[in-house]
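This report concerns only the one structure given below.
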Amino acid sequence: MSMELLAPAGNHAALHAAVQSGADAVYIGGPKFGARSSADNFTIEEIKRWTDYCHLYGVKVHTAVNTLIKEKEIYELQSYVKELNRAGADALIVQDIGAADIIKNTIPDMELHASTQMTVTSLEGVKYLESMGFSRVVLARELSEKEIEYICQNAKAEIEVFVHGAICMCYSGQCLMSSILGGRSGNRGRCAQPCRLPYEIMEQGKKSARGYILSPKDMALINELETLEKIGVTSLKIEGRLKRAEYVSAVVGVYRKYLDNSRKVSKEDMQELLDAFSRTGFTDGYFKGNLGKNMMSHDTPGNSSENKFSAEAKRRADINCNTRKIPVGIMGTLKKDEPVEITMYDNDGNYTYTKGTLNSERAINKEMDSKRLSEQLSKLGNTPFVCDEINISSDSGITIPIKEINAVRRDAVDKLIKMRTAREERRETDFSPTRVNQRKETEIILTAEVSSTEQLEAAVKNNISVIYVPVDMLGTLNAQGTLKETADKNNIRLIAKTAEIFCRENVTSDSVLVSSPAAAYKYRDKNLIGDFRLNIFNSYSARHFDGFEKITLSPELNIHEIKELCDNSAADTDIEIIGYGHLPLMIMKNCPIKAMGKCQNGKNIYKLRDRKKEEFPIICGHGCNAILLNSKPLFMADKINDLKNLKINSIRLLFTVENFSQCDKIIYMYKRAMSGNFSDTAMAENTYTRGHFYRGAL
């Protein structure tokens with residue numbers, strides 16, 4: 001099979017094991033901006049050295065630059081990617097859309113791969129990223145075989161999919177759980193994995209189940225290799241930059257075996273995968289479309305295997321192991337009164353020529369015939385090479401010292417190594433990120449996002465001038481007319497809110513709130529407002545969407561970071577922040593309620609309760625996605641003056657589980673605060689959160 005096998009390498013030992021076990025490429029993290037900050041990772045000098053090692057074996061090095069970038073880090077990012085360019089990295093894996101623009105302008109020859117953190121679930125998402133210059137897209141793990149096939153058959157970019165290892169309960173790039181609850185952001189490479197903790201399911205206030213409700217099994221698609229090749233996947237990615245070298249050796253070795261020789265996976269090899277690491281077995285649920293309990297590891301969140309590794313896996317994980325050999329051919333001649341000459345070549349088109357320094361002599365005893373010369377030249381021993389083809393001619397009756405043959409062979413080996421590890425010169429431009437500093441304080445308006453008719457009624461009653469309404473609900477309103485007519489009469493804009501995770505919807509309105517690059521591509525002919533799910537974290541990601549009417553900043557930014565971003569954004573960039581609401585912590589395709597054999601059918605009767613007795617509502621999103629909300633709402637009415645100083649344009653009230661009277665009260669409090677009247681604008685202590693507004697750096 002011709003698909004690339006892409007292996008994780010969190011440290012030197014794991015990288016060595018990956019190469020020796022047959023990986024075609026590895027992905028690593030450098031000293032900065034990587035989504036696995038707790039891995040050992042590599043210094044720039046180590047990246048240079050280990051990239052040479054990988055390139056010697058024809059293995060590519062993909063380097064993760066896949067965190068969101070803060071405003072103050074923009075120049076540091078630019079300097080860093082230049083270092084990676086010089087170190088020889090073959091591709092950069094990127095999440096931040098503004099960072100991608102900076103990288104493309106700074107080192108234009110570098111390959112860009114879109115991280116799975118970009119939440120790409122559709123062809124539209126791939127098309128958007130293709131237009132930005134991405135040559136490869138790592139798809140979300142939640143996609144089925146048919147969804148992946150459709151993308152592969154219609155995309156120009158290479159498609160990479162995860163095939164083995166841990167999967168997140170939430171769509172990657174959309175999880176705020178670790179960030180909001182513990183101040184450690186997965187989008188910044190510091191996820192604390194609260195999903196692996198035990199929870200109780202509360203059904204209308206009563207405990208109905210307990211366990212590791214948010215802990216999925218690991219993925220394994222070892223039985224689907226032929227299918228993956230058939231549908232057009234380019235690269236097979238193994239998760240595990242935090243795993244030990246033996247794990248990398250075992251998993252890469254098994255996948256290599258079946259990529260090289262397509263056949264049914266043996267029980268022994270499947271057991272080797274299970275022994276290396278598993279959470280009560282594996283799942284192929286997303287790929288096969290079989291969601292539910294069988295995907296989950298409700299009884300244990302950690303490794304249920306014995307961490308047993310075969311002798312072969314251990315051997316390849318030994319840093320001194322050199323079992324992977326590069327086939328080479330040798331052509332040589334030895335003529336009377338002339339030095340030995342050899343040409344050594346590999347299968348990648350590299351040729352080296354070496355000529356000895358001593359002339360041949362008449363043989364007194366044993367001559368150096370073609371057979372003997374072949375034996376000596378093919379002794380490649382501890383070198384990375386193995387001779388699989390040799391063509392030697394030697395005149396009769398002559399000889400030459402063995403040490404001379406060895407010296408010529410060593411020289412040829414050294415030259416071929418240099419050729420295989422030679423770095424391609426790639427451009428660096430004089431591009432310099434610009435700072436604007438043109439923004440002024442403007443009048444701030446309130447907007448609202450609603451998910452029910454009664455929430456919409458409350459927003460319309462209070463004359464909220466801009467209201468984001470789910471596409472389906474807006475369609476119903478247009479048909480019924482009454483509430484829509486009231487909104488129109490009061491000059492209230494009802495803007496279609498697309499699904500949290502992109503899907504094809506019947507959007508008829510002129511203005512659309514989009515949550516993904518896919519939606520931006522799909523509705524590019526409409527008036528677009530960027531939602532906070534676009535993870536706009538810096539002025540360059542804001543600038544990327546400057547054709548939008550408005551953008552909404554990530555709720556992971558604090559007040560100082562928001563101000564710095566706004567200060568460096570154009571005067572005409574309309575910026576919104578989330579100022580109230582139960583922030584969504586997770587969006588889950590495999591609903592945890594259904595996985596427990598239950599369903600709330602949109603009635604919001606279930607919550608998750610943690611060990612601190614905090615209760616987190618679960619609501620039904622579009623397409624039966626489940627959305628886990630924070631237990632307490634973000635509340636900033638009494639701090640409204642702090643928000644006014646940020647040079648933003650609007651504050652959004654995010655309504656999810658609130659009824660009419662609760663929405664009415666919240667709007668009343670924010671409107672009074674906006675007018676400078678702070679009486680009746682406080683909530684009871686311990687019933688709300690300030691989110692990230694007053695937190696330190698993530």
Side-chain angles (χ1 to χ4, degrees), residues 97 121-125 127-128 131-132 442-453 455-536 541-553 569-578 581 621-623 648-655 667:
I97 213 155
T121 61
S122 66
L123 178 62
E124 287 84 350
K127 290 292 186 185
Y128 188 95
S131 71
M132 288 184 61
T442 60
E443 182 180 353
I444 297 174
I445 66 167
L446 287 178
T447 69
E449 178 183 336
V450 301
S451 54
S452 71
T453 303
Q455 293 169 359
L456 177 58
E457 289 172 345
V460 170
K461 175 205 163 188
N462 286 279
N463 284 316
I464 297 294
S465 59
V466 177
I467 307 173
Y468 307 115
V469 185
V471 171
D472 291 345
M473 186 191 301
L474 191 57
T476 303
L477 288 175
N478 289 334
Q480 292 176 347
T482 307
L483 197 53
K484 177 70 163 58
E485 288 172 3
T486 304
D488 290 342
K489 182 180 178 181
N490 294 317
N491 294 318
I492 295 171
R493 292 180 65 196
L494 301 183
I495 294 175
K497 173 189 175 295
T498 57
E500 299 84 6
I501 301 300
F502 177 77
C503 61
R504 292 166 187 87
E505 301 175 89
N506 183 25
V507 176
T508 57
S509 60
D510 294 331
S511 297
V512 190
L513 179 69
V514 295
S515 299
S516 64
Y521 182 86
K522 173 71 173 177
Y523 306 113
R524 58 192 180 277
D525 295 331
K526 295 182 179 291
N527 186 47
L528 301 181
I529 294 97
D531 202 2
F532 67 90
R533 297 190 187 282
L534 290 171
N535 286 325
I536 296 173
S541 49
R543 192 171 306 171
H544 178 85
F545 298 108
D546 63 5
F548 286 22
E549 175 189 333
K550 181 188 296 187
I551 56 170
T552 313
L553 302 186
S569 295
D572 58 352
T573 302
D574 203 323
I575 295 176
E576 183 163 296
I577 62 171
I578 306 297
H622 195 281
I648 58 173
N649 302 91
S650 55
I651 298 170
R652 190 192 309 180
L653 309 179
L654 172 61
F655 295 127
I667 295 170

Distance, nearest 0.5 Å, that separates CG of Leu446 from CD1 of Ile667
8.0 Å

First locate atom CZ of Arg543, then atom CD1 of Ile536, and finally report the distance between them rounded to the nearest 0.5 Å.
13.0 Å

Strictly below 4.0 Å, N to O, side chains only: are Lys522 and Glu505 in salt-bridge contact?
no

Under 6.0 Å from the CG atom of Asn527, do we count more than 12 heavy atoms belonging to anything else shown?
yes

Hey, are the side chains of Lys526 and Val507 touching, using non-hydrogen atoms and a 4.5 Å cut-off?
yes

Between CG of Leu477 and CG of Leu483, what distance do you get to the nearest 0.5 Å?
5.5 Å

If you take all heavy atoms of Ala542 and Ser569, which pair is closest and at what distance?
CB-OG, 4.2 Å

Does the side chain of Ile464 reach to within under 4.5 Å of the side chain of Ile492, using non-hydrogen atoms?
no

Quick one: pull up OG in Ser452 and CE in Met473 and give me the separation to the nearest 0.5 Å.
6.0 Å

Are Ile551 and Ile575 close enough that some pair of their side-chain heavy atoms sits under 4.5 Å apart?
yes

Among Thr447, Ile577, Val466, which residue satisfies the side-chain contact (heavy atoms from CB on, under 4.5 Å) criterion with Ser650?
Thr447

If the threshold is 4.0 Å, N to carboxylate O, is there a salt bridge linking Asp531 and Arg652?
yes

Looking only at non-hydrogen atoms, find the nearest pair between Arg493 and Ser511 and report the distance.
NH2-OG, 2.9 Å

Sub-4.5 Å side-chain heavy-atom contact between Ile467 and Phe655:
no

Over all heavy atoms of both residues, which pair between Phe502 and Tyr523 is shortest? Give the atoms and the distance, please.
CE1-CE1, 4.5 Å

Result of checking Val471, Ile529, Leu528 against Val512 for side-chain contact (heavy atoms from CB on, under 4.5 Å):
Leu528

Got Val514 and Phe545 here, is their nearest side-chain heavy-atom distance under 4.5 Å?
no

Just verifying a value: how many Å separate Asn649 CG and Asp574 CG, rounded to the nearest 0.5 Å?
4.0 Å

Scanning both residues in full, the closest heavy-atom pair of Pro517 with Ile97 reads CG-CD1, 4.2 Å

Drop me the distance from Thr552's OG1 to Leu534's CG, to the nearest 0.5 angstrom.
8.0 Å

Any idea which heavy atoms bring His622 and Asp472 closest together, and the distance?
NE2-OD2, 4.0 Å

Compare every heavy atom of Thr498 with every heavy atom of Ser515, then report the nearest pair and how far apart it is.
N-OG1, 3.7 Å

